2 protein chains.
Amino acid sequence: METTWQEQLRAAGLRVTRPRLSVLQVLAERPHADVDTIVTAARTVHPTLSPQAVYGVLEALVAGGLARRIEPAGAPALFELRVGDNHHHLVCRSCVAVADVDCTVGAAPCLTPSDTAGFVVDEAEVVFWGLCRACRAQTPADTVQVLQHDNRGGARG
Amino acid sequence: METTWQEQLRAAGLRVTRPRLSVLQVLAERPHADVDTIVTAARTVHPTLSPQAVYGVLEALVAGGLARRIEPAGAPALFELRVGDNHHHLVCRSCVAVADVDCTVGAAPCLTPSDTAGFVVDEAEVVFWGLCRACRAQTPADTVQVLQHDNRGGARG
DNA sequence: CGGTTTTCTTGAACGAGTCAAATCAAGACG
DNA sequence: CGTCTTGATTTGACTCGTTCAAGAAAACCG
């Protein structure tokens, strides 16, 4: 880590507080944590931390560019510190585990739609849906088919 | 439309009911409607229709492959009848208007990640975030910058 | 037309997230 | 080092989208 969290907070115009440092530490250890996970983990360091404080901290971190919020459909929001680079996410349909994917291709034709219907696009968000290794091992094969069936018609890129 | 809704419902093993036909009609007129919109619109045809019935109908339609559910981050779920083809969505950050985007490129390199971290991927979902024409016209330029700032670090494909 | 099964209605409940007022702490300044 | 000002956190209530459960209604089969 080049700069400390203190420095990053100050650079974003934010005060350095215990709740913020606790949340940053948790996010560094768990790259895609939801609010509940963050609260629970942060309380080992700061036992009186309230969920609302965590919402406030995360809002400040996202606004300050220190954290990013991702919201997989049907799951509570997740937060990550990896910011400012070009990466997407793999999400497990069964356990909502998330893994990062680097975009391996420089120019991605599909991500600059030809007809934008009058929209000015500033971000292309890609989510890869599937099953993680652990859930595949636990899950009988027919359940996998059910999961896929429920989402048939989904885009394949 | 090649086949009638009655036929499509039966083909999916679903009974043909008034609530279902009402919801299908609304979705045909409004391609990306949320539950509230569907309930309100469907009541012009079927005044006693309950919100819970609409949830049930939509769940059945999605399970039967007649409709697709899309959940833009931070907005209630939207439903569309366009199913089984390869298209993505443009979403307005300001008004959550949604437009369809056809994927104009046959092979999309970015959508087959090289390292899937043990995941078996069955769907790549792409959401383009931006501002629609109407909101750009209404919105002062600095507000646009704020919106973009709030999401800096987002992937650009 | 009657019986069986699915679907709808009605009412309650849940989880994630937000709002607002009061308290508290961080950092600036003297 | 203490005070002051502003920003952050706590506490508590609340909203919204969605889901659950039991009984009533309707669709479909024969």
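The model shown is predicted, which means the values in this text are computed figures rather than measured ones. Letters A, B, ... are given to chains in the order of the sequence lines, protein chains preceding strands, and every chain is numbered from 1.
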TODO: Report yes or no: is there a donor-acceptor pair, N or O only, under 3.5 Å between the side chain of A:Arg15 and the base of D:dT6?
DONE: yes

- [ ] Just compare D:dT10, C:dT7, D:dC28 and give me whichever is closest to any side-chain atom of B:Thr17.
- [x] C:dT7

Task: Length of the CG-P vector between A:Leu9 and D:dG7, whole Å - done: 16 Å

Task: Residue B:Arg10, side-chain atoms from C-beta onward, closest of D:dT18, C:dC8, D:dC28 - done: D:dC28

TODO: With the side chain of A:Gln52 defined as its heavy atoms from C-beta on, choose the nearest nucleotide among D:dT10, C:dC8, D:dT9.
DONE: D:dT10

TODO: Looking only at side-chain atoms of B:Tyr55, point me to the closest of C:dC8, D:dT19, D:dA8.
DONE: D:dT19

Task: d(CG, B:Asp34; P, D:dG17) in whole Å - done: 8 Å

- [ ] Please tell me which of the listed nucleotides, C:dC8, D:dA8, C:dT9, lies nearest to the side chain of B:Val57?
- [x] C:dC8

- [ ] Keeping the roles fixed (side chain from A:Arg10, backbone from A:Trp5), state whether a donor-acceptor pair exists under 3.5 Å.
- [x] no

Task: A:Ala53 side chain, from C-beta outward: closest of D:dA8, C:dT10, D:dT10 - done: D:dT10

Open item on the list: Output the rounded distance in Å from CD (B:Glu59) to C1' (C:dT7).
Closed with: 12 Å

Open item on the list: Once you apply a heavy-atom cut-off of 4.0 Å, does B:Ala60 come out as touching a base, just sugar-phosphate, or nothing?
Closed with: nothing

- [ ] Nearest whole angstrom, please: distance from the C1' of C:dC24 to the CZ of A:Arg20.
- [x] 14 Å

Task: Euclidean distance, atom NE2 of residue B:His46 to atom C1' of D:dA25 [Å, nearest integer] - done: 11 Å

Open item on the list: Using a heavy-atom cut-off of 4.0 Å across all strands, would you classify A:Arg18 as base, sugar-phosphate, or nothing?
Closed with: nothing

Task: Residue of the set B:His87, B:Arg69, B:Arg30 for which side chain to side chain donor-acceptor pair (under 3.5 Å) holds with B:Glu80 - done: B:His87

- [ ] Indicate yes or no: does A:Arg82 engage A:Asp102 in a salt bridge with an N to O separation below 4.0 Å.
- [x] yes

Open item on the list: Quick check: do B:Phe128 and B:His88 have side-chain heavy atoms less than 4.5 Å from each other?
Closed with: yes

- [ ] Write down the distance between CG (A:Leu21) and P (D:dT9), rounded to a whole number of angstrom.
- [x] 10 Å

- [ ] Please figure out whether A:Gly13 or B:Glu71 has its closest DNA chain D nucleotide nearer the 5' end.
- [x] A:Gly13

Task: Nearest non-hydrogen partners of A:Ala33 and A:Ile38, listed with the distance - done: CB-CG1, 3.7 Å

Task: Length of the CG-C1' vector between A:Leu49 and D:dT11, whole Å - done: 13 Å

TODO: Could you say whether B:Arg69 or B:Leu14 is positioned toward the 5' end of DNA chain D, judged by the nucleotide with the nearest heavy atom to each?
DONE: B:Arg69

Task: Value in whole Å for how far the P atom of C:dG27 lies from CD of A:Gln6 - done: 8 Å

